[in-house]
Amino acid sequence: MFALPKLDYEYDSLVPHFSKEILEVHHGKHHQIYVDKLNTVMESLPAFQNKTIEELIGNLNEVPEEFRTAVKNFGGGHYNHSLFWNFLSPDGGGEPSGELIKAIVEKYGSFQQFKDEFTTRALSIFGSGWLWLMPNLSIVVSANQDSPINGGLPAPILGVDVWEHAYYIDHKYNRAEYINAWWQLVDWAGVEKRYKFYL
Ligand SMILES: [Fe+2]
């Protein structure tokens, strides 16, 4: 059975950038619902019950067709959100350092140019989805609860949830305001650790 991951911080630790209320709803309700629905689907898939979430959504073609979409959506919802919480820290924000900043400047010209491009891409996603930074520092979009690992790509090293449920309580329709708040929480030390893991 899959379980809602415990956060490394409290629901009110990300204030003022993310409110306690949005964490309660986004982690406590939306993410929990993905976990519950995934567990319900898994009851019909006894042969897959020992697999990790990565094995499950990274090999969707092995899942019987009638359950594949449900596993992709609920499994992806669980996987993507688990990454998302881990990308945030009450001590986050600012700029990366070390090898990561060097590589970002090499690829994008400056940290600001990278940030502008990532923000523009996040704002241009139509409907619900995710924007990811991959280990090779390319920027990848996923629709709905799809994930780069569905297609055999490695796990992203950073990403932002652009579903309205991620920001409607704090910012109503204003995704730009939310993305700006999200930048203040990015745990760059963790991003750098994952970047170096793939080098
Ligand atoms: Fe979400």
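From a predicted model like this one, the values you see are computed outputs, not experimental measurements. Side chains are part of it too, since the values below use all heavy atoms of this structure and drop only hydrogens, waters and symmetry mates. Note that ligands are numbered from 1 as they come in the structure, with each ligand's atoms numbered from 1 the same way.
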Considering just N/O/S atoms, say which atom of [X] is closest to the Fe ion (ligand 1).
X: Asp161; value: OD2
X: His26; value: NE2
X: His81; value: NE2

In sequence, state the C-alpha distance, the side-chain angles, and the governing distance for Asp116 and Gln112, and then conclude on side chain to side chain donor-acceptor pair (under 3.5 Å). CA-CA 6 Å; Asp116 290 347; Gln112 191 59 48; 2.9 Å; yes
Can you confirm whether or not the ring centre of Phe84 sits under 6.0 Å from the ring centre of Trp163?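 Centroid separation for Phe84 and Trp163: 6.0 Å or greater.
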Validation row, ring centre His165 to ring centre His26 under 6.0 Å: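 Centroid separation for His165 and His26: below 6.0 Å.
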N, O or S atom of His165 closer to the Fe ion (ligand 1) than 2.8 Å: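 Checking the Fe ion (ligand 1) against His165, an N, O or S atom does fall under 2.8 Å.
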Describe, in one word, how the ring planes of Tyr178 and Phe18 are oriented to each other, choosing from parallel (under 30°), tilted (30 to 60°) and perpendicular (over 60°).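 The arrangement is parallel - the two ring planes meet at less than 30°.
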